[in-house]
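Working notes, beginning with the structure itself.
Below, chain A is the first sequence line, B the second, and so on; all start at residue 1. Please read all numbers here as calculations on a predicted model, not as lab measurements.
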Amino acid sequence: MTKTLPALAIHGGAGTVPAHQLDNESRAAYHEGLRTALRAGWKLLHAGAPALDAVMAAVKALEDDTLFNAGRGAVLTSAGRPEMDAAIMRGSDRAAGAVAGICGPRNPVEAARLVMEQSGHVLMMGKGAEAFLREVGMEFLPASYFETARRRAALELELARRASGAPDIRTDADRHG
Amino acid sequence: TVGAVARDVNGGLAAATSTGGYTAKRPGRVGDAPVIGAGTFADDASCAVSCTGSGEVFIRYTASAELAARVRLGREKLDEAASRLIAELGARDGEGGMITVGAEGAPVLVFNCSGMYRGYTDEEGVLWTAIHRE
């Protein structure tokens, strides 16, 4: 089989902090978080690993970084707790796995891959998904592990706005995390 | 929302997306990230895609499957198709972005809003990252 040139791209979300509000320290932290994820994926691709392993490694690195809205640092629902969604898909046979509305697995993308590889389904949601993930041995962390002061503050701001009826003038970052 | 797309040395493609949704969302609300063909898609015959943004719009327009179809049916090259599609989504209140990679060539990263945390590696593994339009 002919070899192709490997390639990897990532995103950390389109809800960015406006340029004029981003101080140099925060800017550097975002770039470093992105580079950490790129290194995690590229190391695998460079070693000849499948693309599926590379995208999972890169997304896990972003889920572990509280700057980004996924895994640890996920935004909070109006009920004050995180509900996380994730998906993964392989292009050779269109195998796919996804989870919706879960809280517990450190890395939701890894949960999605377990759904793909061990459940016989594509998409699993909520309590049923969590029960399956426990059955297959996934570690569960408390909701407090995922919450950050920044997301709690963004939630309180939004709930206060809704209560007051003021117009939604949030930045992308506050809305989309 | 975070995501990744990759092509390996055997030409295999893959995509992954993960999210907390948006701040103060209603419990039970699910956006495009876990919906295959909306926020996440991969098919070696066309491309791998991961999206971020107004999930309801990306679901209704099956954003990532739409991009793959335009490439697979040979109507447009990947970068042209992605740029056109993200602009079309923007015109329908679908604010956000997408990253994609095909069977050959460099990854494509497009967005229709003020910025997107993003990055890619070139064939030598040189890292490139950005936040706003830079």
Side-chain angles (χ1 to χ4, degrees), chain A residues 1 3-14 16 19 30-31 34-35 38 41-42 45-46 48 50-52 54-56 58-59 62-63 68-70 74-75 77-79 82 84-92 94 96 98-100 108-109 122-123 154-155 158-159 172 175-177, chain B residues 1-28 30-31 33-36 39-44 48 50 52-53 95-97 99 101 103-104 106-107 109 111 113-121 123 125 127 129 131-132:
Chain A
M1 167 177 261
K3 294 300 178 192
T4 61
L5 288 173
L8 172 69
I10 62 171
H11 69 78
T16 56
Y30 276 109
H31 281 283
L34 293 168
R35 280 195 290 268
L38 285 172
W42 179 256
L45 286 177
H46 191 60
L52 195 75
V55 295
M56 192 165 91
V59 168
L62 292 167
E63 287 174 335
F68 301 103
N69 172 21
V75 298
T77 68
S78 57
M84 291 165 269
D85 311 330
I88 192 165
M89 187 167 188
R90 181 173 52 214
S92 57
R94 290 205 182 194
V99 289
V109 70
V122 173
L123 172 58
L155 174 65
E158 173 55 10
L159 295 179
D172 281 353
R175 189 180 307 128
H176 291 289
Chain B
T1 304
V2 304
V5 291
R7 180 181 64 231
D8 60 38
V9 291
N10 296 311
L13 301 179
T17 313
S18 181
T19 189
Y22 66 81
T23 301
K25 70 179 180 183
R26 182 188 300 271
V30 178
V35 179
I36 299 300
T40 307
F41 185 78
D43 179 354
D44 286 3
S50 174
T52 172
E95 197 179 64
I99 60 172
V101 66
E104 58 193 11
L109 302 85
F111 55 97
C113 50
S114 56
M116 179 168 74
Y117 302 110
R118 62 199 186 280
Y120 69 88
T121 57
E123 290 88 16
L127 311 184
T129 59
I131 298 174
H132 301 99

| Parallel, tilted or perpendicular: which describes the rings of A:Tyr30 and B:Tyr117, with under 30° parallel and over 60° perpendicular? | parallel
| remark: Heavy atoms of A:Ala14 and B:Thr52 approach each other most closely as N-OG1, 3.2 Å
| query | How would you list, by chain and number, every residue that makes a side chain to side chain donor-acceptor pair (under 3.5 Å) with B:Ser50, sequence neighbours excluded? | reply | A:His11, B:Thr17
| field | Least distance between heavy atoms, B:Leu109 atom then A:Ile10 atom | value | CD2-O, 3.9 Å
| message | Within this structure, what is the CG-OG1 distance for the pair B:Asp8 and A:Thr4, rounded to the nearest 0.5 Å? | response | 6.5 Å
| task | Using a cut-off of under 4.5 Å on heavy-atom pairs, state which of B:Gly96, B:Ala15, B:Gly12, B:Gly125 scores highest against chain A. | result | B:Ala15
| message | If you count heavy atoms of other groups shown closer than 6.0 angstrom to NE2 of B:His132, is the number above 12? | response | yes
| remark: Interatomic distance, CG@A:Leu34 vs CG@B:Leu127, rounded to 0.5 Å, equals 10.0 Å
| When heavy-atom pairs shorter than 4.5 Å are enumerated against chain A, which of B:Val101, B:Val30, B:Asp44 gives the highest number? | B:Asp44
| said: To check you understand the geometry: which heavy-atom pair defines the closest contact between B:Ile36 and A:Ala96, and what is its length? | reply: CD1-CB, 3.8 Å
| task | Please list, chain by chain and in numerical order, all residues satisfying side chain to side chain donor-acceptor pair (under 3.5 Å) with B:Thr129, sequence neighbours excluded. | result | A:His31
| Which atoms of A:Leu155 approach chain B - backbone, side chain, both or neither, heavy atom under 4.5 Å | both
| request: Against chain A, work out which of B:Arg7, B:Met116, B:Arg26 has the most heavy-atom pairs shorter than 4.5 Å and name it. | output: B:Arg7
| A:Arg94 side chain to B:Asp43 backbone, donor-acceptor under 3.5 Å | no
| Nearest heavy-atom neighbours spanning B:Gly21 and A:Asn69 | O-ND2, 2.8 Å
| said: Tell me which of these, B:Glu104, B:Arg118, B:Lys25, has more heavy-atom pairs under 4.5 Å with chain A than the rest. | reply: B:Lys25
| said: So for A:Ala54, is it side chain, backbone, both, or neither that comes closer than 4.5 Å to the heavy atoms of chain B? | reply: side chain
| task | Let me see the working for B:Ser18 and A:Glu63 under side-chain hydrogen bond (donor to acceptor under 3.5 Å, both in side chains), right down to the final yes or no. | result | CA-CA 8 Å; B:Ser18 181; A:Glu63 287 174 335; 2.5 Å; yes
| query | Can you tell which of A:Pro6, A:Ala86, A:Ala9 has the highest number of heavy-atom pairs within less than 4.5 Å of chain B? | reply | A:Ala9
| message | Using 0.5 Å steps for rounding, measure from the CG atom of B:Leu13 to the CG atom of A:Leu52. | response | 11.5 Å
| task | Please name the pair of heavy atoms, one in A:Phe68 and one in B:Val2, separated by the smallest distance, quoted to 0.1 Å. | result | CB-CG1, 3.6 Å
| Minimum heavy-atom distance between A:Leu8 and B:Ala6, given as atom pair plus value | CD1-CB, 4.0 Å
| request: Let me know if A:Pro50 has heavy atoms under 4.5 Å from chain B in its side chain, its backbone, both or neither. | output: both
| Side-chain (B:Thr19) to main-chain (A:Asp85) donor-acceptor, under 3.5 angstrom | no
| message | I need the residue from A:Ala74, A:Ala79, A:Ser78, A:Gly41 with the largest number of non-hydrogen atom pairs under 4.5 Å to chain B. | response | A:Ser78
| note | CG of A:Leu45 to OG1 of B:Thr121, rounded to nearest 0.5 Å, is 7.0 Å
